[in-house]
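Input: a single structure, listed below in structure tokens.
Letters A, B, ... are given to chains in the order of the sequence lines, protein chains preceding strands, and every chain is numbered from 1.
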Number of protein chains: 2
Amino acid sequence: MENSFIAKLKGLAPMAPVEIAALESATASAQSFSARHDLIREGDRPGPVFVVLEGWVCRYKVLPNGTRQVLAYLMPGDACDLHVGLLAEMDHSIQTITPAVVATIEREMMDDLMTRHPGIARAMYVAQLIDEGTMRAWITSMGRRASIERVAHLMCELYLRARNIGLASEPQFTLPLSQLMLADSLGMTPVHLNRVLKELRLSGAMKLERGRLLISDPNRLIQIAGFDENYLHRRLRRAG
Amino acid sequence: MENSFIAKLKGLAPMAPVEIAALESATASAQSFSARHDLIREGDRPGPVFVVLEGWVCRYKVLPNGTRQVLAYLMPGDACDLHVGLLAEMDHSIQTITPAVVATIEREMMDDLMTRHPGIARAMYVAQLIDEGTMRAWITSMGRRASIERVAHLMCELYLRARNIGLASEPQFTLPLSQLMLADSLGMTPVHLNRVLKELRLSGAMKLERGRLLISDPNRLIQIAGFDENYLHRRLRRAG
DNA sequence: CGCTCGGTTGACCGATCTCAAACTTAGTGG
DNA sequence: CCACTAAGTTTGAGATCGGTCAACCGAGCG
């Protein structure tokens with residue numbers, strides 16, 4: 001059975017059987033990691049490309065004052081930048097959140113895959129564009145949305161991404177993020193995040209509990225968030 | 001005399017004479033635009049790649065409530081994403097800030113340049129990685145830095161970028177951004193930004209005046225910002 | 001069974017926003 | 001060359017959002 005990386009790429013561009021086989025063999029060497037394990041740290045020299053096959057992973061940065069900012073979440077199927085190898089050092093760290101299975105693809109292998117297989121190249125580029133769009137959405141959230149809107153917006157994003165890869169069972173889904181981690185993503189205090197979550201719960205929009213999120217009133221949540229699902233979807237060009 | 005785009009790419013990867021010639025001809029069709037002119041708007045179908053040759057340009061997003069968030073600044077030599085063409089529509093707009101000269105490179109031309117010229121491909125990938133690093137730094141700023149730190153940090157970033165392309169005359173440089181625009185970049189109110197600028201002026205670190213920034217005490221500014229210039233520099237790998 | 005980690009709550013404080021007005025500069029037309 | 005205007009900047013007063021500090025709670029685990 002094909003892994004989540006292949007499944008994702010197939011959703012982003014048409015993929016020939018040869019290409020699928022090539023991806024199979026490239027990701028064959030997957031490794032398991034425990035939760036909270038740094039795959040690579042800020043300042044390290046970049047190595048191979050990481051591909052998350054199972055579990056959740058995040059990118060983050062720690063500031064001199066000790067605070068942390070989470071920069072992105074990687075879910076099964078997601079990979080980190082294909083060309084990192086060109087940089088002298090990482091400007092951020094990457095860490096598992098849950099126990100995770102991660103494959104690594106060496107730079108030469110990656111180059112080879114991209115040049116030899118146009119479908120793979122195309123899918124990887126689209127994936128990268130989507131990731132960039134997500135970053136822009138985060139900047140927008142942090143800059144111009146009130147805390148409750150920010151929380152709601154992130155939940156919408158994570159829900160849609162989970163659903164896209166078949167990890168959501170309609171009204172709810174597994175969300176293995178502590179409130180501390182969420183606060184570090186949203187640029188707020190855990191205390192304040194907790195109050196916002198309470199407000200969202202009382203408003204009947206959603207309810208976060210031990211590792212899963214229940215979206216009781218999707219429309220209300222979307223409305224609070226000012227969420228435009230377009231930023232994750234329908235962005236693929238119909239015509240090539 | 002070569003243009004700012006070529007100059008920038010030459011700084012990011014070794015460039016063969018043929019490659020320079022190819023870039024010359026690709027950017028020959030530059031066009032002039034007045035200030036505040038949208039090059040492309042959110043929702044539009046992406047077209048060619050934009051390359052800024054002269055002037056300042058920004059990416060931005062407007063929210064339903066009417067507020068605006070600036071997502072990035074493009075200075076002479078900067079280009080926007082090479083593969084935008086793969087998306088169905090823009091998730092943000094791009095607008096000139098000052099009068100600007102912008103070249104456009106059609107997708108086929110771009111593909112051709114990249115596949116035929118490894119030096120160009122490499123330089124473009126590095127440029128993209130740097131842009132992504134900048135976005136991550138913005139997210140970090142918005143999430144975890146106090147307003148005065150954010151302002152100082154952005155000024156450091158812009159100063160270094162200007163200096164890199166020869167647009168800074170040591171203690172000062174041309175900064176054609178209104179306070180409103182800066183506020184929209186930093187996720188704050190123009191009123192509050194103005195107060196922060198006053199604080200920075202009184203502290204003797206820097207002074208912003210009509211279109212130029214004077215950095216009176218670089219060390220102090222860097223210290224206030226918690227600026228790590230590594231995120232823009234020294235990231236190129238020595239070894240290929 | 002007690003410890004530890006994460007979540008929850010309260011009281012208080014301070015940073016940032018809002019609203020509103022004055023002022024400054026650059027550009028425009030008479 | 002001088003109103004006049006529009007855009008941008010500056011300042012004040014008061015309100016609000018989100019942060020800080022501190023205590024308590026509850027579940028999982030050795």
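Side chain of R220(A) to main chain of S203(A): a donor-acceptor pair is present (N/O by atom type, distance under 3.5 Å, no hydrogens or angles).
For the ring-ring contact (aromatic ring centres under 6.0 Å, His included) condition, the pairs that include at least one residue of residues 35-54 of chain A, sequence neighbours left out, are F33(A)-H37(A). Within the structure, salt bridge (Lys or Arg N to Asp or Glu O under 4.0 Å) contacts touching residues 140-151 of chain B (residues at least two apart or in different chains) are D184(A)-R144(B). Counting only residues at least two apart or in different chains, salt bridge (Lys or Arg N to Asp or Glu O under 4.0 Å) contacts with residues 50-60 of chain A comprise R59(A)-D81(A).
For the side chain to side chain donor-acceptor pair (under 3.5 Å) test, no residue two or more places apart in sequence or in another chain qualifies with N219(A). For T104(A), there are no side chain to side chain donor-acceptor pair (under 3.5 Å) partners at least two apart in sequence or on another chain. Applying the side chain to side chain donor-acceptor pair (under 3.5 Å) test to S185(B) and every residue at least two apart in sequence or in another chain returns Y73(B). Not counting sequence neighbours, the partners of S4(A) by the side chain to side chain contact (heavy atoms under 4.5 Å, CB included) test are L53(A), P76(A). In this structure D131(B) satisfies the side chain to side chain contact (heavy atoms under 4.5 Å, CB included) test with no other residue, sequence neighbours excluded.
For Q179(A) and dT8(C), the shortest distance from a side-chain N or O to OP1 or OP2 is below 4.0 Å.
Note on the helix from dC1(C)-dG30(D) to dG30(C)-dC1(D): angle between the axes of the first and last five pairs equals 40°, rounded to 10 degrees.
The distance from atom CD of E199(A) to atom P of dT8(C) is 15 Å, rounded to the nearest whole Å. Atom pair N65(B):CG and dC17(C):P shows a separation of 14 Å (rounding to whole Å applied). Residue L197(B) contributes atom CG, which lies 10 Å from atom C1' of dT9(D) at whole-angstrom precision. Rounded to whole Å, atom P of dC17(C) lies 13 Å from atom CG of N194(B). For K207(B) and dT9(D), the NZ to C1' distance is 14 Å, given to the nearest whole Å. E209(B) places its CD atom 12 Å from the P atom of dA26(C), with the value rounded to the nearest Å. Put simply, CG on L177(A) is 15 Å from C1' on dG7(C), counting in whole angstrom units. Whole-Å rounding puts the L208(A) CG to dG6(C) C1' distance at 12 Å.
When the nucleotides dG6(C), dT11(D), dG8(D) are ranked by their closest atom to the side chain of S178(B), dG8(D) comes out on top.
Within the 4.5 Å cutoff, side-chain heavy atoms of M75(B) are placed close to those of W56(B).
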Distances for protein N/O vs nucleotides 21-30 of chain D N/O pairs under 3.5 angstrom?
none

N/O-N/O pairs, protein side and nucleotides 15-18 of chain D side, under 3.5 Å:
| from | atom 1 | to | atom 2 | distance (Å) |
| --- | --- | --- | --- | --- |
| dG18(D) | OP1 | S147(A) | N | 3.0 |
| dG18(D) | OP1 | S147(A) | OG | 3.4 |
| dG18(D) | OP2 | S147(A) | OG | 2.8 |

Indicate every side-chain donor-acceptor pair of residues 187-196 of chain B with a distance under 3.5 Å to a residue at least two apart or in another chain.
| from | atom 1 | to | atom 2 | distance (Å) |
| --- | --- | --- | --- | --- |
| H192(B) | NE2 | S147(B) | OG | 3.2 |
| N194(B) | ND2 | Q179(B) | OE1 | 2.9 |

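Residue contacts shown for R36(B) are limited to sugar-phosphate atoms, with no base heavy atom under 4.0 Å away.
Residue order along DNA chain D, read from the 5' end via each residue's closest nucleotide, puts K198(B) first among K198(B) and L193(A).
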Could you please spell out the steps behind the side-chain contact (heavy atoms from CB on, under 4.5 Å) verdict for I105(B) and V51(B)? CA-CA 8 Å; I105(B) 304 182; V51(B) 177; 3.9 Å; yes
